[in-house]
Asks: 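Here you go, one structure.
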Amino acid sequence: MNLGVRWTLHGDGRTPAPGAVVRPDERLSWPRTAGLGAQHVVAMFGASFVAPVLMGLDPNLAIMMSGVATMIFLLATRGRVPSYLGCSLSFVGVAAAIRASGGDSSTVTGAILVVGLALFLAGVAVRRFGARVIHATMPPIVTGAVVMLIGFNLAPVTAATYWPQDQWTALLVMLFTGLAVVCLRGFWSRVAIFLGLVFGYVLSWVFDLALGRIHSPVGGGEAVDHWRLDLSAVGRADWIGLPSFHAPSFEWSAILVALPVVIALVAENAGHVKAVGEMTGDPLDDQLGTAIAADGAASMLSTAVGGPPNTTYSENIGVMAATRVYSTAAYWAAAGFALLFGLCPKFGAVVAAIPGGVLGGITVILYGMIGLLGAQIWINAGVDLRNPLNLVPAAAGIIIGVGGVSLKITDSFELGGIALGTIVVITGYHALRAFAPAHLKGQEPLLDAGTSAYDAASPERDGDGVGAGAGEQRADGGERGGDGDGPTARP
(Lines give C-alpha, C1' and ligand atoms only; values in the text may rest on other atoms or scores of the structure.)
Protein backbone atom coordinates (compact mmCIF):
# COMPACT_ATOMS: atom_id res chain seq x y z
CA MET A 1 0.00 0.00 0.00
CA ASN A 2 1.35 3.44 -0.92
CA LEU A 3 1.37 5.65 2.18
CA GLY A 4 3.39 8.44 0.59
CA VAL A 5 6.45 7.94 2.80
CA ARG A 6 8.93 7.06 0.08
CA TRP A 7 10.68 9.87 -1.73
CA THR A 8 13.12 9.98 -4.62
CA LEU A 9 16.11 12.32 -4.38
CA HIS A 10 15.62 15.49 -6.42
CA GLY A 11 18.65 16.19 -8.60
CA ASP A 12 21.79 16.44 -6.51
CA GLY A 13 19.74 16.85 -3.32
CA ARG A 14 20.96 20.39 -2.79
CA THR A 15 18.87 22.92 -4.69
CA PRO A 16 16.16 22.66 -7.36
CA ALA A 17 17.34 23.32 -10.89
CA PRO A 18 16.31 26.68 -12.40
CA GLY A 19 12.59 26.57 -13.13
CA ALA A 20 12.17 23.18 -11.43
CA VAL A 21 10.21 22.34 -8.29
CA VAL A 22 10.66 19.59 -5.73
CA ARG A 23 7.47 17.56 -6.03
CA PRO A 24 5.63 16.03 -3.04
CA ASP A 25 7.12 12.58 -3.76
CA GLU A 26 10.67 13.98 -4.00
CA ARG A 27 13.06 15.33 -1.39
CA LEU A 28 16.33 17.16 -0.99
CA SER A 29 19.13 15.76 1.18
CA TRP A 30 18.00 14.87 4.68
CA PRO A 31 19.88 17.77 6.39
CA ARG A 32 18.23 20.24 3.98
CA THR A 33 14.87 18.52 4.44
CA ALA A 34 15.23 18.87 8.22
CA GLY A 35 16.06 22.55 7.78
CA LEU A 36 12.95 23.06 5.66
CA GLY A 37 10.92 21.25 8.32
CA ALA A 38 12.22 23.65 10.97
CA GLN A 39 11.25 26.57 8.73
CA HIS A 40 7.72 25.19 8.44
CA VAL A 41 7.50 24.98 12.24
CA VAL A 42 8.55 28.63 12.61
CA ALA A 43 6.04 29.68 9.94
CA MET A 44 3.13 28.09 11.79
CA PHE A 45 4.21 29.29 15.24
CA GLY A 46 2.56 32.70 15.21
CA ALA A 47 -0.99 31.41 14.98
CA SER A 48 -0.50 27.88 16.24
CA PHE A 49 0.49 28.79 19.77
CA VAL A 50 -1.72 31.87 19.98
CA ALA A 51 -4.79 29.69 19.37
CA PRO A 52 -4.51 27.49 22.49
CA VAL A 53 -3.63 30.49 24.65
CA LEU A 54 -6.75 32.34 23.48
CA MET A 55 -8.85 29.23 24.03
CA GLY A 56 -7.40 28.57 27.50
CA LEU A 57 -5.80 25.25 26.48
CA ASP A 58 -2.30 23.85 27.02
CA PRO A 59 0.07 25.24 24.33
CA ASN A 60 2.48 22.31 24.77
CA LEU A 61 -0.26 19.81 24.03
CA ALA A 62 -1.44 21.96 21.12
CA ILE A 63 1.97 21.97 19.45
CA MET A 64 2.43 18.23 20.07
CA MET A 65 -0.98 17.36 18.61
CA SER A 66 -0.38 19.59 15.61
CA GLY A 67 2.53 17.29 14.78
CA VAL A 68 0.36 14.20 15.23
CA ALA A 69 -2.43 15.76 13.14
CA THR A 70 0.00 16.53 10.32
CA MET A 71 1.17 12.93 10.27
CA ILE A 72 -2.43 11.68 10.10
CA PHE A 73 -3.19 14.08 7.25
CA LEU A 74 -0.11 13.07 5.24
CA LEU A 75 -0.90 9.37 5.65
CA ALA A 76 -4.58 9.82 4.75
CA THR A 77 -3.78 11.76 1.58
CA ARG A 78 -0.91 9.35 0.80
CA GLY A 79 1.59 12.14 0.49
CA ARG A 80 -0.19 13.92 -2.36
CA VAL A 81 -1.28 17.02 -0.40
CA PRO A 82 1.69 18.69 1.34
CA SER A 83 0.21 20.46 4.34
CA TYR A 84 0.82 21.35 7.96
CA LEU A 85 -2.15 21.08 10.33
CA GLY A 86 -1.84 23.69 13.07
CA CYS A 87 -4.20 24.89 15.77
CA SER A 88 -7.34 26.48 14.35
CA LEU A 89 -8.22 30.04 15.34
CA SER A 90 -11.74 29.57 14.02
CA PHE A 91 -12.78 28.21 17.42
CA VAL A 92 -11.53 31.09 19.56
CA GLY A 93 -14.94 32.75 19.62
CA VAL A 94 -16.59 29.42 20.34
CA ALA A 95 -14.28 28.78 23.30
CA ALA A 96 -14.92 32.28 24.66
CA ALA A 97 -18.69 31.84 24.37
CA ILE A 98 -18.62 28.43 26.07
CA ARG A 99 -16.47 29.70 28.94
CA ALA A 100 -18.66 32.79 29.34
CA SER A 101 -21.65 30.50 29.90
CA GLY A 102 -19.83 28.55 32.64
CA GLY A 103 -18.06 25.85 30.61
CA ASP A 104 -14.49 24.71 31.32
CA SER A 105 -11.71 23.27 29.15
CA SER A 106 -13.37 19.85 29.08
CA THR A 107 -16.61 21.38 27.81
CA VAL A 108 -14.71 23.32 25.15
CA THR A 109 -12.82 20.29 23.86
CA GLY A 110 -15.95 18.10 24.01
CA ALA A 111 -17.91 20.53 21.85
CA ILE A 112 -15.06 20.82 19.36
CA LEU A 113 -14.67 17.02 19.20
CA VAL A 114 -18.25 16.85 17.92
CA VAL A 115 -17.37 19.46 15.32
CA GLY A 116 -14.44 17.25 14.28
CA LEU A 117 -16.86 14.36 13.85
CA ALA A 118 -19.16 16.52 11.73
CA LEU A 119 -16.18 17.58 9.62
CA PHE A 120 -15.16 13.95 9.16
CA LEU A 121 -18.68 13.06 8.00
CA ALA A 122 -18.67 16.04 5.64
CA GLY A 123 -15.46 14.70 4.12
CA VAL A 124 -17.03 11.27 3.66
CA ALA A 125 -20.02 12.93 1.96
CA VAL A 126 -17.76 14.87 -0.40
CA ARG A 127 -15.91 11.67 -1.31
CA ARG A 128 -19.23 10.01 -2.08
CA PHE A 129 -21.19 12.79 -3.78
CA GLY A 130 -18.60 15.40 -4.80
CA ALA A 131 -18.17 19.06 -3.82
CA ARG A 132 -21.66 19.98 -5.01
CA VAL A 133 -23.17 18.50 -1.87
CA ILE A 134 -21.29 21.17 0.10
CA HIS A 135 -22.27 23.97 -2.24
CA ALA A 136 -25.93 23.00 -2.13
CA THR A 137 -25.98 23.45 1.63
CA MET A 138 -23.45 26.24 2.07
CA PRO A 139 -23.30 28.61 -0.91
CA PRO A 140 -20.86 31.55 -0.65
CA ILE A 141 -23.43 33.95 0.81
CA VAL A 142 -23.95 31.56 3.73
CA THR A 143 -20.27 30.73 4.19
CA GLY A 144 -19.21 34.37 4.12
CA ALA A 145 -21.89 35.46 6.60
CA VAL A 146 -20.99 32.69 9.07
CA VAL A 147 -17.28 33.50 8.87
CA MET A 148 -18.03 37.17 9.40
CA LEU A 149 -20.20 36.65 12.46
CA ILE A 150 -17.66 34.22 13.97
CA GLY A 151 -14.88 36.79 13.61
CA PHE A 152 -16.76 39.87 14.76
CA ASN A 153 -18.30 37.96 17.68
CA LEU A 154 -14.76 38.04 19.15
CA ALA A 155 -14.62 41.84 19.45
CA PRO A 156 -15.80 41.93 23.10
CA VAL A 157 -13.02 39.49 24.07
CA THR A 158 -10.38 41.97 22.97
CA ALA A 159 -12.23 45.02 24.26
CA ALA A 160 -13.10 43.65 27.71
CA THR A 161 -10.35 41.10 28.46
CA TYR A 162 -7.03 41.78 26.71
CA TRP A 163 -6.81 45.46 25.80
CA PRO A 164 -7.58 46.87 29.30
CA GLN A 165 -4.71 44.90 30.86
CA ASP A 166 -2.18 47.26 29.29
CA GLN A 167 -3.64 49.65 26.75
CA TRP A 168 -0.37 51.34 25.74
CA THR A 169 1.44 48.06 25.12
CA ALA A 170 -1.60 46.87 23.18
CA LEU A 171 -1.55 50.02 21.04
CA LEU A 172 2.17 49.74 20.26
CA VAL A 173 1.92 46.03 19.49
CA MET A 174 -1.02 46.71 17.18
CA LEU A 175 0.98 49.36 15.30
CA PHE A 176 4.11 47.20 15.07
CA THR A 177 2.18 44.15 13.88
CA GLY A 178 0.29 46.16 11.29
CA LEU A 179 3.55 47.55 9.92
CA ALA A 180 5.12 44.08 9.90
CA VAL A 181 2.20 42.52 8.03
CA VAL A 182 2.14 45.27 5.41
CA CYS A 183 5.78 46.25 4.98
CA LEU A 184 7.86 43.10 5.41
CA ARG A 185 8.63 40.80 2.51
CA GLY A 186 9.18 37.11 1.89
CA PHE A 187 9.53 34.78 4.86
CA TRP A 188 9.36 37.59 7.43
CA SER A 189 5.97 38.70 6.17
CA ARG A 190 4.62 35.20 6.78
CA VAL A 191 5.65 35.28 10.45
CA ALA A 192 4.49 38.86 11.11
CA ILE A 193 2.14 37.80 13.92
CA PHE A 194 4.98 35.90 15.57
CA LEU A 195 7.20 38.98 15.29
CA GLY A 196 4.45 41.07 16.87
CA LEU A 197 4.30 38.67 19.81
CA VAL A 198 8.08 38.80 20.29
CA PHE A 199 8.02 42.60 20.08
CA GLY A 200 5.26 42.79 22.70
CA TYR A 201 7.03 40.31 24.96
CA VAL A 202 10.21 42.40 24.97
CA LEU A 203 8.28 45.67 25.26
CA SER A 204 6.40 44.42 28.33
CA TRP A 205 9.69 43.37 29.95
CA VAL A 206 11.18 46.83 29.26
CA PHE A 207 8.10 48.58 30.67
CA ASP A 208 8.28 46.46 33.82
CA LEU A 209 11.92 47.47 34.31
CA ALA A 210 11.31 51.14 33.59
CA LEU A 211 7.84 51.74 35.06
CA GLY A 212 7.31 48.94 37.58
CA ARG A 213 3.99 47.19 38.14
CA ILE A 214 0.86 48.25 36.32
CA HIS A 215 -2.56 48.74 37.99
CA SER A 216 -5.13 47.24 35.63
CA PRO A 217 -7.76 44.48 35.31
CA VAL A 218 -6.47 40.94 34.83
CA GLY A 219 -8.53 38.65 32.61
CA GLY A 220 -11.58 40.89 32.75
CA GLY A 221 -11.57 40.94 36.56
CA GLU A 222 -10.84 43.64 39.12
CA ALA A 223 -7.94 46.07 38.70
CA VAL A 224 -4.89 45.04 40.73
CA ASP A 225 -1.15 45.77 40.76
CA HIS A 226 0.70 43.17 38.68
CA TRP A 227 3.71 42.69 36.45
CA ARG A 228 3.04 42.89 32.74
CA LEU A 229 5.34 39.93 32.10
CA ASP A 230 5.27 37.26 34.83
CA LEU A 231 7.92 34.60 34.16
CA SER A 232 7.67 32.87 37.55
CA ALA A 233 6.04 29.78 36.01
CA VAL A 234 8.86 29.51 33.46
CA GLY A 235 11.46 29.07 36.19
CA ARG A 236 9.41 26.32 37.86
CA ALA A 237 8.70 24.41 34.63
CA ASP A 238 10.71 21.32 33.70
CA TRP A 239 12.73 21.07 30.54
CA ILE A 240 11.32 17.66 29.66
CA GLY A 241 7.86 16.30 30.47
CA LEU A 242 4.46 15.42 29.11
CA PRO A 243 1.82 18.09 28.49
CA SER A 244 -1.36 18.13 30.52
CA PHE A 245 -4.04 15.85 29.12
CA HIS A 246 -7.72 15.89 30.02
CA ALA A 247 -10.85 14.10 28.83
CA PRO A 248 -13.65 16.00 27.03
CA SER A 249 -17.16 16.42 28.37
CA PHE A 250 -20.27 16.99 26.30
CA GLU A 251 -23.04 19.56 26.75
CA TRP A 252 -25.66 20.24 24.10
CA SER A 253 -25.58 23.99 24.60
CA ALA A 254 -21.82 24.08 23.99
CA ILE A 255 -22.05 21.74 21.00
CA LEU A 256 -24.66 23.94 19.30
CA VAL A 257 -22.40 26.97 19.76
CA ALA A 258 -19.45 25.15 18.17
CA LEU A 259 -21.13 23.38 15.22
CA PRO A 260 -21.30 26.42 12.90
CA VAL A 261 -17.52 26.38 12.59
CA VAL A 262 -17.86 23.25 10.42
CA ILE A 263 -18.80 25.61 7.59
CA ALA A 264 -15.53 27.52 7.94
CA LEU A 265 -13.44 24.36 8.15
CA VAL A 266 -14.96 22.78 5.05
CA ALA A 267 -14.34 25.97 3.09
CA GLU A 268 -10.75 26.39 4.23
CA ASN A 269 -9.88 22.79 3.37
CA ALA A 270 -11.40 23.24 -0.07
CA GLY A 271 -9.28 26.32 -0.64
CA HIS A 272 -6.14 24.64 0.63
CA VAL A 273 -6.47 21.63 -1.65
CA LYS A 274 -7.20 23.87 -4.64
CA ALA A 275 -4.16 26.05 -3.96
CA VAL A 276 -1.76 23.15 -3.45
CA GLY A 277 -3.04 21.43 -6.58
CA GLU A 278 -2.34 24.52 -8.68
CA MET A 279 1.09 25.01 -7.11
CA THR A 280 2.24 21.44 -7.69
CA GLY A 281 0.57 21.03 -11.07
CA ASP A 282 -1.26 17.94 -9.79
CA PRO A 283 -5.07 18.30 -9.85
CA LEU A 284 -6.22 17.27 -6.39
CA ASP A 285 -10.01 17.44 -6.72
CA ASP A 286 -10.17 13.73 -5.93
CA GLN A 287 -8.42 14.42 -2.63
CA LEU A 288 -10.86 17.07 -1.35
CA GLY A 289 -13.10 14.67 0.57
CA THR A 290 -10.10 12.80 1.97
CA ALA A 291 -8.47 16.04 3.13
CA ILE A 292 -11.65 17.21 4.88
CA ALA A 293 -12.16 13.83 6.55
CA ALA A 294 -8.50 13.66 7.62
CA ASP A 295 -8.74 17.12 9.18
CA GLY A 296 -11.86 16.02 11.07
CA ALA A 297 -10.23 12.80 12.29
CA ALA A 298 -7.10 14.66 13.43
CA SER A 299 -9.19 17.23 15.31
CA MET A 300 -11.18 14.47 17.00
CA LEU A 301 -7.98 12.81 18.21
CA SER A 302 -6.51 16.09 19.45
CA THR A 303 -9.61 17.17 21.37
CA ALA A 304 -10.09 13.66 22.79
CA VAL A 305 -6.92 14.15 24.84
CA GLY A 306 -7.54 17.81 25.69
CA GLY A 307 -5.90 19.61 22.77
CA PRO A 308 -7.35 22.16 20.34
CA PRO A 309 -8.72 21.41 16.85
CA ASN A 310 -6.44 21.55 13.83
CA THR A 311 -6.70 22.93 10.34
CA THR A 312 -4.56 23.41 7.25
CA TYR A 313 -2.16 26.37 7.43
CA SER A 314 -1.61 28.86 4.63
CA GLU A 315 1.57 30.17 6.24
CA ASN A 316 3.17 26.90 5.19
CA ILE A 317 1.80 27.19 1.68
CA GLY A 318 3.66 30.50 1.54
CA VAL A 319 6.87 28.76 2.55
CA MET A 320 6.40 26.22 -0.26
CA ALA A 321 5.77 28.99 -2.79
CA ALA A 322 8.93 30.80 -1.69
CA THR A 323 11.20 27.74 -1.64
CA ARG A 324 9.59 25.82 -4.54
CA VAL A 325 9.94 22.71 -2.38
CA TYR A 326 6.63 20.82 -2.05
CA SER A 327 8.16 17.67 -0.56
CA THR A 328 6.01 15.99 2.07
CA ALA A 329 9.26 14.80 3.65
CA ALA A 330 9.74 18.36 4.92
CA TYR A 331 6.32 18.19 6.57
CA TRP A 332 7.20 14.92 8.27
CA ALA A 333 10.30 16.67 9.62
CA ALA A 334 8.17 19.61 10.80
CA ALA A 335 5.78 17.22 12.55
CA GLY A 336 8.74 15.60 14.32
CA PHE A 337 10.00 18.96 15.56
CA ALA A 338 6.51 19.83 16.83
CA LEU A 339 6.41 16.61 18.86
CA LEU A 340 9.73 17.53 20.48
CA PHE A 341 8.48 21.03 21.39
CA GLY A 342 5.42 19.45 22.96
CA LEU A 343 7.66 17.52 25.35
CA CYS A 344 9.22 20.73 26.74
CA PRO A 345 7.04 22.22 29.52
CA LYS A 346 9.35 25.21 29.80
CA PHE A 347 8.46 26.15 26.23
CA GLY A 348 4.77 25.97 27.10
CA ALA A 349 5.31 28.17 30.17
CA VAL A 350 6.99 30.82 28.01
CA VAL A 351 4.01 30.79 25.66
CA ALA A 352 1.48 30.91 28.50
CA ALA A 353 3.27 33.97 29.94
CA ILE A 354 2.38 36.17 26.94
CA PRO A 355 1.07 39.40 28.56
CA GLY A 356 -2.59 40.29 28.14
CA GLY A 357 -1.75 43.67 26.64
CA VAL A 358 0.29 41.96 23.92
CA LEU A 359 -2.64 39.70 23.07
CA GLY A 360 -4.82 42.81 22.99
CA GLY A 361 -2.71 44.40 20.26
CA ILE A 362 -2.51 41.18 18.25
CA THR A 363 -6.19 40.26 18.49
CA VAL A 364 -7.43 43.70 17.43
CA ILE A 365 -5.93 42.94 14.03
CA LEU A 366 -6.42 39.18 14.00
CA TYR A 367 -10.07 39.10 15.03
CA GLY A 368 -10.96 41.91 12.64
CA MET A 369 -9.27 40.09 9.78
CA ILE A 370 -11.16 36.90 10.59
CA GLY A 371 -14.45 38.76 10.30
CA LEU A 372 -13.48 40.56 7.11
CA LEU A 373 -12.60 37.26 5.49
CA GLY A 374 -16.34 36.77 5.18
CA ALA A 375 -16.43 39.80 2.90
CA GLN A 376 -13.52 38.33 0.91
CA ILE A 377 -15.56 35.16 0.36
CA TRP A 378 -18.41 37.24 -1.04
CA ILE A 379 -16.08 39.20 -3.32
CA ASN A 380 -14.32 36.11 -4.67
CA ALA A 381 -17.65 34.40 -5.35
CA GLY A 382 -19.26 37.50 -6.88
CA VAL A 383 -22.09 37.53 -4.34
CA ASP A 384 -24.60 40.29 -5.14
CA LEU A 385 -25.73 41.94 -1.92
CA ARG A 386 -28.24 44.00 -3.86
CA ASN A 387 -30.23 40.80 -4.16
CA PRO A 388 -32.56 40.62 -1.13
CA LEU A 389 -32.32 36.82 -1.20
CA ASN A 390 -28.66 37.24 -0.22
CA LEU A 391 -28.93 40.42 1.80
CA VAL A 392 -31.76 39.61 4.22
CA PRO A 393 -30.55 36.33 5.81
CA ALA A 394 -26.92 37.51 5.94
CA ALA A 395 -27.85 40.83 7.55
CA ALA A 396 -30.09 39.22 10.17
CA GLY A 397 -27.64 36.43 11.02
CA ILE A 398 -24.62 38.73 11.34
CA ILE A 399 -26.38 41.15 13.70
CA ILE A 400 -27.62 38.24 15.84
CA GLY A 401 -24.16 36.67 15.95
CA VAL A 402 -22.21 39.86 16.59
CA GLY A 403 -24.71 41.39 19.00
CA GLY A 404 -25.18 38.26 21.06
CA VAL A 405 -28.95 38.11 20.49
CA SER A 406 -30.49 35.10 22.24
CA LEU A 407 -33.65 33.05 21.86
CA LYS A 408 -34.97 31.30 24.96
CA ILE A 409 -36.34 27.85 24.05
CA THR A 410 -37.04 26.47 27.54
CA ASP A 411 -36.19 27.49 31.10
CA SER A 412 -32.91 25.60 30.84
CA PHE A 413 -31.98 26.02 27.17
CA GLU A 414 -31.50 28.97 24.87
CA LEU A 415 -29.79 29.68 21.57
CA GLY A 416 -27.72 32.79 21.02
CA GLY A 417 -24.74 34.44 19.40
CA ILE A 418 -22.83 32.33 16.89
CA ALA A 419 -25.21 29.36 16.99
CA LEU A 420 -28.43 31.34 16.52
CA GLY A 421 -26.85 33.61 13.91
CA THR A 422 -25.69 30.64 11.86
CA ILE A 423 -29.09 28.95 12.05
CA VAL A 424 -30.77 32.15 10.88
CA VAL A 425 -28.37 32.53 7.94
CA ILE A 426 -28.66 28.92 6.73
CA THR A 427 -32.36 28.30 7.30
CA GLY A 428 -33.29 31.84 6.32
CA TYR A 429 -31.46 31.62 2.99
CA HIS A 430 -32.87 28.25 1.99
CA ALA A 431 -36.38 29.09 3.18
CA LEU A 432 -36.41 32.41 1.32
CA ARG A 433 -34.97 30.73 -1.77
CA ALA A 434 -37.84 28.25 -1.78
CA PHE A 435 -40.34 31.12 -2.04
CA ALA A 436 -38.31 33.68 -4.01
CA PRO A 437 -39.28 34.54 -7.59
CA ALA A 438 -37.15 33.03 -10.35
CA HIS A 439 -35.31 36.26 -11.22
CA LEU A 440 -33.70 36.32 -7.75
CA LYS A 441 -32.31 32.79 -8.04
CA GLY A 442 -29.18 33.31 -10.11
CA GLN A 443 -26.87 30.36 -10.72
CA GLU A 444 -24.03 30.62 -8.21
CA PRO A 445 -20.52 29.23 -8.76
CA LEU A 446 -19.46 25.96 -7.20
CA LEU A 447 -17.71 26.41 -3.85
CA ASP A 448 -14.09 25.92 -4.75
CA ALA A 449 -12.06 28.06 -2.40
CA GLY A 450 -11.66 29.02 1.24
CA THR A 451 -9.86 31.27 3.67
CA SER A 452 -9.06 30.76 7.32
CA ALA A 453 -8.82 32.50 10.60
CA TYR A 454 -5.14 32.20 11.16
CA ASP A 455 -4.55 33.33 7.58
CA ALA A 456 -4.81 36.88 8.74
CA ALA A 457 -1.20 36.25 9.61
CA SER A 458 -0.33 35.13 6.09
CA PRO A 459 0.01 38.03 3.65
CA GLU A 460 1.38 35.91 0.82
CA ARG A 461 -1.91 34.74 -0.55
CA ASP A 462 -5.59 35.51 -0.93
CA GLY A 463 -6.46 32.84 1.54
CA ASP A 464 -6.99 29.25 2.40
CA GLY A 465 -8.90 29.06 5.59
CA VAL A 466 -12.37 30.09 6.46
CA GLY A 467 -13.93 30.24 3.13
CA ALA A 468 -12.61 32.13 0.08
CA GLY A 469 -9.81 31.99 -2.29
CA ALA A 470 -6.72 30.04 -1.22
CA GLY A 471 -4.33 32.34 -2.88
CA GLU A 472 -4.71 31.07 -6.44
CA GLN A 473 -1.14 29.85 -6.63
CA ARG A 474 0.29 28.90 -10.00
CA ALA A 475 2.09 25.63 -10.47
CA ASP A 476 5.37 27.53 -10.72
CA GLY A 477 4.95 28.95 -7.23
CA GLY A 478 3.75 32.39 -8.31
CA GLU A 479 0.41 33.94 -7.56
CA ARG A 480 -2.53 35.02 -9.64
CA GLY A 481 -4.40 36.83 -6.91
CA GLY A 482 -3.14 39.64 -4.67
CA ASP A 483 0.20 41.37 -4.80
CA GLY A 484 2.00 38.84 -2.60
CA ASP A 485 3.25 41.52 -0.23
CA GLY A 486 0.47 42.90 1.88
CA PRO A 487 -2.24 40.98 3.74
CA THR A 488 -4.95 40.09 1.32
CA ALA A 489 -8.19 39.28 3.07
CA ARG A 490 -7.65 35.58 3.30
CA PRO A 491 -4.64 30.98 11.80
Asks: Ignoring hydrogens and geometry, is there a side-chain-to-backbone donor-acceptor pair from Y201 to V350 under 3.5 Å?
Replies: yes

Asks: Are any of the side-chain nitrogens in D166 or R228 under 4.0 Å away from the carboxylate oxygens of its partner?
Replies: yes

Asks: Which heavy atom of V224 sits nearest to which heavy atom of H226, and what is that distance?
Replies: O-CD2, 3.3 Å

Asks: Using a 4.5 Å cut-off on heavy atoms from C-beta on, say whether the side chain of L372 contacts that of F152.
Replies: yes

Asks: When rounded to the nearest 0.5 angstrom, what distance separates CZ in F337 from CD1 in I63?
Replies: 14.0 Å

Asks: Taking the side chain as every heavy atom from C-beta outward, state whether D225 and I214 have any pair of such atoms under 4.5 Å apart.
Replies: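 No, their side chains stay 4.5 Å or more apart.
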
Asks: Would you say T177's side chain and I362's backbone share a donor-acceptor pair under 3.5 angstrom?
Replies: no

Asks: Measure the spacing between CG of L259 and CD1 of I112 and express it to the nearest 0.5 Å.
Replies: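 It comes to 11.0 Å.
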
Asks: Between L119 and D295, is there a side-chain heavy-atom distance shorter than 4.5 Å?
Replies: yes

Asks: What closest approach, in Å, do A111 and A254 show between heavy atoms, and which atom pair accounts for it?
Replies: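 Here A111 and A254 meet closest at CB-O, 3.6 Å.
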
Asks: Below 4.5 Å, heavy atoms only, C-beta onward: do M71 and W332 meet side chain to side chain?
Replies: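 Of all side-chain heavy-atom pairs linking W332 with M71, at least one is under 4.5 Å.
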
Asks: Would you find a donor on one side and an acceptor on the other, under 3.5 Å apart, between the side chain of D238 and the backbone of G241?
Replies: no

Asks: If only atom types and distance count, is the side chain of R99 paired as donor or acceptor with the main-chain N or O of M55 below 3.5 Å?
Replies: yes

Asks: Sub-3.5 Å donor-acceptor pair from the side chain of S299 to the main-chain atoms of G296, do we have one?
Replies: no

Asks: Output all residues satisfying salt bridge (Lys or Arg N to Asp or Glu O under 4.0 Å) with R386, sequence neighbours left out; order by chain, then residue number.
Replies: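 D384.
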
Asks: Are the side chain of S106 and the backbone N or O of A247 linked by a donor-acceptor pair below 3.5 Å?
Replies: yes

Asks: Do the non-hydrogen side-chain atoms of S302 and P308 ever get within less than 4.5 Å of each other?
Replies: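 Sidechains of P308 and S302: in contact.
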
Asks: Atom CD1 of I255 and atom OG1 of T107: how far apart are they, to the nearest 0.5 Å?
Replies: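 Answer rounded to 0.5 Å: 10.0 Å.
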
Asks: When you measure from the side chain of W239 to the backbone N and O of C344, does any donor-acceptor pair fall under 3.5 Å?
Replies: no

Asks: Would you please name every residue forming a side chain to side chain donor-acceptor pair (under 3.5 Å) with T109, sequence neighbours left out?
Replies: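 Partners of T109 by the side chain to side chain donor-acceptor pair (under 3.5 Å) criterion, ordered by chain and then number, come out as H246.
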
Asks: How long is the gap from OG on S244 to CG on N60, to the nearest 0.5 Å?
Replies: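 Reported value, rounded in 0.5 Å steps: 9.0 Å.
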
Asks: At what distance, to the nearest 0.5 angstrom, does CG of N310 lie from CG of L85?
Replies: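 Answer rounded to 0.5 Å: 5.5 Å.
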
Asks: Could you give me the CA-CA distance, side-chain angles and deciding distance for F91 and L57, then say whether side chain to side chain contact (heavy atoms under 4.5 Å, CB included) is met?
Replies: CA-CA 12 Å; F91 289 92; L57 302 176; over 6 Å; no

Asks: Keeping the roles fixed (side chain from D208, backbone from L229), state whether a donor-acceptor pair exists under 3.5 Å.
Replies: yes

Asks: Taking it one step at a time, do L195 and F176 satisfy side chain to side chain contact (heavy atoms under 4.5 Å, CB included)?
Replies: CA-CA 9 Å; L195 295 178; F176 176 89; 4.2 Å; yes

Asks: Does the side chain of D104 come within less than 4.5 Å of I98's, by heavy atoms?
Replies: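 The answer is no; the side chains never approach within 4.5 Å.
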
Asks: Could you walk me through whether T169 and F207 pass the side chain to side chain contact (heavy atoms under 4.5 Å, CB included) test, one step at a time?
Replies: CA-CA 9 Å; T169 294; F207 279 178; 3.4 Å; yes

Asks: Would you say N269's side chain and L265's backbone share a donor-acceptor pair under 3.5 angstrom?
Replies: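 Indeed, once roles are kept as given, a pair shorter than 3.5 Å links the two residues.
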
Asks: Hey, are the side chains of I141 and L385 touching, using non-hydrogen atoms and a 4.5 Å cut-off?
Replies: yes

Asks: So, S216 side chain and Q165 main chain: donor-acceptor pair closer than 3.5 Å or not?
Replies: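 Checked: pair present.
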
Asks: Is there a side-chain contact between I263 and I426 (heavy atoms, below 4.5 Å)?
Replies: yes

Asks: Taking all non-hydrogen atoms of both residues into account, name the closest pair between V425 and L149 and its distance.
Replies: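 In this case the closest contact between V425 and L149 is CG2-CD2, 4.4 Å.
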
Asks: How far does CE of M174 sit from CG of L179, to the nearest 0.5 angstrom?
Replies: 10.0 Å

Asks: Over all heavy atoms of both residues, which pair between D58 and P243 is shortest? Give the atoms and the distance, please.
Replies: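 Heavy-atom minimum between the residues: OD2-CB, 3.4 Å.
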
Asks: Please determine whether side chain to side chain contact (heavy atoms under 4.5 Å, CB included) holds for the pair N390 and Y429, giving the CA-CA distance in whole Å, both sets of side-chain angles, and the decisive distance to 0.1 Å.
Replies: CA-CA 7 Å; N390 294 329; Y429 173 80; 3.7 Å; yes

Asks: Determine whether S83 and Y331 satisfy the following criterion, side-chain hydrogen bond (donor to acceptor under 3.5 Å, both in side chains), listing intermediate values before the conclusion.
Replies: CA-CA 7 Å; S83 175; Y331 282 102; over 6 Å; no

Asks: Hey, is CG on L209 packed in by over 12 heavy atoms from elsewhere, all under 6.0 Å?
Replies: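 Yes.
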
Asks: Looking only at heavy atoms, which two atoms of A394 and A145 are closest? And how far apart?
Replies: CB-CB, 4.0 Å

Asks: Counting only heavy atoms not in W227 (residues, nucleotides, ligands), do more than 12 fall under 6.0 Å from its CH2?
Replies: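 Buried by this count: over 12 neighbours within 6.0 Å.
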
Asks: Search all heavy atoms of P52 against all heavy atoms of A62 and return the closest pair with its distance.
Replies: CG-CB, 3.5 Å

